[in-house]
Student: 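Sharing a structure here in structure tokens format.
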Amino acid sequence: MSDLPMLPVRVTVKAVVEETPSVRTFYFEPGIPSSPGQFVMVWVPGVDEVPMALSSATSITVQQVGDATTAMFCLKPGDALGIRGPLGNGFTVSGKTLAIGGGVGAAPLLHLAVEGKVSTFLLGARTADELLFAPVINASSNLKIATDDGTAGHHGVVTDLMDEIDLEAYDHICVCGPEIMMLKVLERLHAAGVADRGQFSLHRYMKCGIGVCGSCATDPHGLRVCRDGPVFTGADLLESEFGRYARDATGSKVVFPWAKKAEE
Amino acid sequence: MSDLPMLPVRVTVKAVVEETPSVRTFYFEPGIPSSPGQFVMVWVPGVDEVPMALSSATSITVQQVGDATTAMFCLKPGDALGIRGPLGNGFTVSGKTLAIGGGVGAAPLLHLAVEGKVSTFLLGARTADELLFAPVINASSNLKIATDDGTAGHHGVVTDLMDEIDLEAYDHICVCGPEIMMLKVLERLHAAGVADRGQFSLHRYMKCGIGVCGSCATDPHGLRVCRDGPVFTGADLLESEFGRYARDATGSKVVFPWAKKAEE
Amino acid sequence: MISLQPGEITVGGVALHNHLLLAAGVLGTTGASLRRMLRLGAGGVVTKSIGPEPNPGHHGPCLVRTEGGLLNAMGLPNPSKEFVGEIEPLKDEPVVVSVYGKDPEDFKEVAGWFAGTGTARGFELNVSCPHAAGYGAAIGTDPEMVLECTRAVASHGLPVWVKLTPNVTDITTIGLAAEKGGASAIVAVNTVRGMRISTEMRRPVLGYRSGGLSGKAIFPIAVKCVWDLYEACSIPIVGCGGISTADDVVEMMMAGAQAVEVGSAVIDEVRVFEQIARGLYAADGVAAEEIVGVAHRV
Amino acid sequence: MISLQPGEITVGGVALHNHLLLAAGVLGTTGASLRRMLRLGAGGVVTKSIGPEPNPGHHGPCLVRTEGGLLNAMGLPNPSKEFVGEIEPLKDEPVVVSVYGKDPEDFKEVAGWFAGTGTARGFELNVSCPHAAGYGAAIGTDPEMVLECTRAVASHGLPVWVKLTPNVTDITTIGLAAEKGGASAIVAVNTVRGMRISTEMRRPVLGYRSGGLSGKAIFPIAVKCVWDLYEACSIPIVGCGGISTADDVVEMMMAGAQAVEVGSAVIDEVRVFEQIARGLYAADGVAAEEIVGVAHRV
Ligand SMILES: Cc1cc2nc3c(=O)[nH]c(=O)nc-3n(C[C@H](O)[C@H](O)[C@H](O)COP(=O)(O)OP(=O)(O)OC[C@H]3O[C@@H](n4cnc5c(N)ncnc54)[C@H](O)[C@@H]3O)c2cc1C
Ligand SMILES: Cc1cc2nc3c(=O)[nH]c(=O)nc-3n(C[C@H](O)[C@H](O)[C@H](O)COP(=O)(O)OP(=O)(O)OC[C@H]3O[C@@H](n4cnc5c(N)ncnc54)[C@H](O)[C@@H]3O)c2cc1C
Ligand SMILES: Cc1cc2nc3c(=O)[nH]c(=O)nc-3n(C[C@H](O)[C@H](O)[C@H](O)COP(=O)(O)O)c2cc1C
Ligand SMILES: Cc1cc2nc3c(=O)[nH]c(=O)nc-3n(C[C@H](O)[C@H](O)[C@H](O)COP(=O)(O)O)c2cc1C
Ligand code: FES
Ligand code: FES
């Protein structure tokens, strides 16, 4: 455990970049030596501590959804955050890698792409304005875009882009995005018989971030997203709770809307 | 502090050797990797814990003087003791070394001699029966003996033997024995201008043995015999409490009988 | 090193696969997590403490590592009654349900959900959590309250373990109250009151400000509590606090514990139960009775 | 890291060279040892606790290292009245004399020896040692007794610091009693009750069986006690327990301490005061007032 963080370390916000109307990247110092896919617990003093992927060793990219993220949106350069990390296992890649990102899920994949480890990157968003990091990703990998409304790239969802891809040609397929999107990707990988090449970065409710409290335990094997993940292989996720339900802060199951019928 | 011992380690008595009517050597296992002059705190369960020099890595040589040592004298092979150690600094020698030992003070010097580090060994006792380790010492160094009653070697005290010795010829002069004897040795070294070559192993009341409680602190510099010693150079001891008084378990000064007049 | 005989045992009325239970609140929020710990060698598991209403717990940070320990203020997050379904698949396993509440009625009600469905082999009363105003230690420092809560839950007819806080002047008064209330065992101890401040942020690091210290740092404190309770009480004691090795288990037993709970040590290794068991059990080991409390008899 | 202004200060009526005192009972049994610690950078020293009669203390083992801490049951060895002569040569130094006894009369008598000779700048009342039957914590768990002992010693007209035990249900009740009795400061905390058993020997490892835990392991416990006392009391607080770095000092101050005592950390390095001071003080540092209790004001 000696490599697990102790008290949060104070970092100073150096720059805030408005990526889209609801997503901002916060650059901070000092950086957190880490590998792509690892995350940190971000302490917003007086508010809460929440998990965030590192979009680089010196940044997190945040979508505003509630209390803590709204408080972060008030941060200016010079303000402080507490960081515990790096945490979790990150992506393990070698050879040829396909990345598939949707929404703010592009953050950990950006980290991977910037390190030159992504051959092809499928990036999705609702609309052109919400596409994250497209220019930067384009500089280091073969970028393909999809938007729901067709304002950029393919008109449709990011999984559509997989039609043009020879999945067999990739050693690793790294995926992060809304759970419904990741579920669709997993279904395609499974159908193509390459679920084991998929590396999916999961979001689950986290409290301790270091594998003790059990908040992030998943069914049916009790694997902890914070410590045994957040990256799991597609094979691990088949026949798991993935795509069906998650848990809230109380530990109660929250069934995803699209899965409601099946669970009843 | 990571090299300081934690809880006592249990050792098993393997053999008990009656060296003299009032001194026994207890051989135990496992041994305590150590250098000559280091000591251990010996826990006699239900009685007390007392400091003892290691007469070898696997033995202590004990004079019966009170509760704990009397309890030790009841120990048989197979019995257990608790050991915290090795503790303290031990002797630091190189080149040519003279050892001067009196009574049970021969114990740490034996450890040194057996390692082949003593050229000349002056050994004293009250009477021939109480000479410790003479055959063993004789095998590894040039042994000279003195007894108060003349039953062996020179008839007189061990310091008399120093008359025949060219102190200047020795790089180190290691001394252990009754404080009165060590005081006489120090006076001679001082007179000869070689007090700094003297290494004296002191006995003082010890409780913690690891430099925290202060029981063994000496005047006037507050040096701790357990941690800064037990071996001090003759130069360190000049103008100290050495040879004048020590302290008991309460921390009260106990003036040595021979020093009583001077202290009043 | 002393070894123990392997095999099933019964402690405080609960049958267990071995002497090592998972402590409450550690990897115990879901049925699957509890099952994982059983598969990884726990002889029994204590669930996250369940209360009368669903509770999201305190704001973060909820848990930080400190020198030789963990400091947490989770704030008793739990899904309340929904948890019954969570552990239904574990009906055949040694599951002790940890319960909390603000008064004897709360305790009785919550325990009743489980007693009624056969999902609990016994209950552990959390009257000792140091970071939940009005709950936990707020109750566990009052002998009369402890007695009443114990009695209320005991009325369900299942074994009741009462888990004590070390944050009292004299833990034996609380242990005796539990005994008088009909407890089958005492669990000692819950976390020790503690706090850390981030000097960089100039504020307490936990969202709740103060919390409870666990892990190796508190092991000597827990041993002393077990020792004192063994001297004062006659019901079995389950030792808890800072245990991470087979030798720690033996030490707790010599202080008077018949079994132990292990929590924070999962941070080093989720397979801690297997690890401990490997060092603790041997076919030619002694019966636990031979060492329980033995340090009192010298 | 925050730095403090160097220089003389006054805390609880006692003038000190800096914010770092040597804690009672650690390298404090002789005048020479106390002087050494002052020379090595202590801003003030607290003596070994002195009682009404010479006391050899408990049988050994008296002190063992444990995970992140020390466990001791010295048993208050001290030479009693003879100690006056011991510290006479330190008359010009910031020496606080620690005193213990079984009742207010004992406390008053012992303090009187020092008050009469000008050898004490102030007194620290040890009503908190956990391993001395009838003394220490036996008194410090009773608010009325603490009040009376404080009042008795305060009658000598010198500052009185009262050192508290963390081994109570609510430390603020004892802090308030000290304040009411006329204390100039509260020292928090003494050691935490603890025990270790040698599994090899099948018996408690300390001669006295149980003892007090100190060192890094108890730092979060001490911070919490200081925090609670700062909320409840108005007299200055001196923090003690597990402090070993400049950052620990700042943390204690943010919890509410105006100065600190350092004990067990001498085991790592007898020059610990110099080490801490090197990290703590800077010419452009802030005044301590700017950080004392600051973590309460967020
Ligand atoms: C490993 C991991 C990596 C993540 N990376 C990113 C990222 O790079 N960018 C990003 O914008 N978001 C990321 N998230 C999601 C992010 O943690 C939540 O959006 C954030 O916690 C919301 O906090 P809030 O207080 O603003 O929302 P709240 O008002 O508290 O709740 C809104 C929703 O956010 C989620 N949430 C709240 N608290 C937590 C928590 N402690 N743990 C997990 N989810 C929580 C829940 O689904 C909740 O319903 C990540 C989550 C995980 C587990
Ligand atoms: C570094 C060191 C090395 C020593 N090496 C040896 C050795 O090799 N062989 C040997 O026989 N003796 C040695 N001694 C002395 C030995 O520690 C005492 O003889 C022993 O402690 C006596 O214990 P007791 O209970 O039998 O005596 P007690 O009845 O307790 O007292 C008798 C006398 O023994 C001394 N003594 C008692 N307890 C202690 C204590 N905790 N620390 C120091 N002195 C104490 C005191 O002078 C006391 O007056 C050494 C002492 C020190 C400090
Ligand atoms: C993250 C965490 C959550 C805990 N939750 C509970 C709880 O819900 N109920 C309870 O009785 N004890 C709870 N505890 C206390 C533990 O069960 C245990 O008593 C304590 O941690 C000491 O044991 P350990 O040192 O082995 O962890 C919790 C401890 C931790 C670290
Ligand atoms: C060996 C030892 C002896 C002690 N003796 C005393 C004492 O005589 N009086 C007292 O008030 N506290 C005594 N204490 C407690 C310390 O003064 C201090 O309160 C405690 O050790 C916590 O601080 P630390 O962690 O910095 O050591 C002693 C502690 C130790 C380790
Ligand atoms: S968040 Fe606590 S175990 Fe994962
Ligand atoms: S015996 Fe404790 S300091 Fe030497």
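Every chain is numbered from 1, with letters handed out A, B, ... down the list of sequences.
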Student: Check each atom of C:E251 against the heavy atoms of chain D and say whether the ones under 4.5 Å are side chain, backbone, both or neither.
Tutor: both

Student: Would you say CZ of D:R209 has more than 12 non-hydrogen atoms from neighbouring residues, nucleotides or ligands within 6.0 angstrom?
Tutor: no

Student: Is it the backbone or the side chain of C:I291 that comes under 4.5 Å from a heavy atom of chain D, or both, or neither?
Tutor: side chain

Student: Of all the heavy-atom pairs spanning D:S210 and C:K224, show the shortest one and how long it is.
Tutor: OG-NZ, 3.4 Å

Student: Please check this pair: side chain of D:T169 against backbone of C:T169, looking for a donor-acceptor N/O pair closer than 3.5 Å.
Tutor: yes

Student: Set out, in order, the CA-CA distance, both residues' side-chain angles and the distance that settles side-chain contact (heavy atoms from CB on, under 4.5 Å) for D:M195 and C:I221, then state yes or no.
Tutor: CA-CA 6 Å; D:M195 177 188 266; C:I221 301 172; over 6 Å; no

Student: Looking at D:V250, D:N167, D:V226, which one has more heavy-atom pairs under 4.5 Å with chain C than the rest?
Tutor: D:N167

Student: How far apart are the C-alpha atoms of C:W227 and D:I197, what are their side-chain angles, what is the distance that settles it, and do they pass the side-chain contact (heavy atoms from CB on, under 4.5 Å) test?
Tutor: CA-CA 10 Å; C:W227 175 278; D:I197 291 168; 4.2 Å; yes

Student: Could you tell me whether the side chain of C:R203 and the main chain of D:V294 form a donor-acceptor pair under 3.5 Å?
Tutor: no

Student: C:L213 and D:A217: which non-hydrogen atoms are nearest, and at how many Å?
Tutor: CD2-O, 3.7 Å

Student: Name the option with the most non-hydrogen atom pairs under 4.5 Å to chain D; the candidates are C:R297, C:E67, C:M254.
Tutor: C:M254

Student: Quick check for you: among D:T141, D:D247, D:V192, which has the greatest number of heavy-atom pairs under 4.5 Å with chain C?
Tutor: D:D247

Student: Side chain, backbone, both or neither: which part of D:I218 has an atom under 4.5 Å from a heavy atom of chain C?
Tutor: neither

Student: Using the side-chain contact (heavy atoms from CB on, under 4.5 Å) rule, take D:I2 and C:R202 through it: C-alpha gap first, then chi angles, then the decisive distance, then the call.
Tutor: CA-CA 10 Å; D:I2 292 153; C:R202 300 178 170 231; 3.7 Å; yes

Student: If we define contacts as heavy-atom pairs under 4.5 Å, which of D:G211, D:C225, D:P204, D:G215 has the most with chain C?
Tutor: D:P204

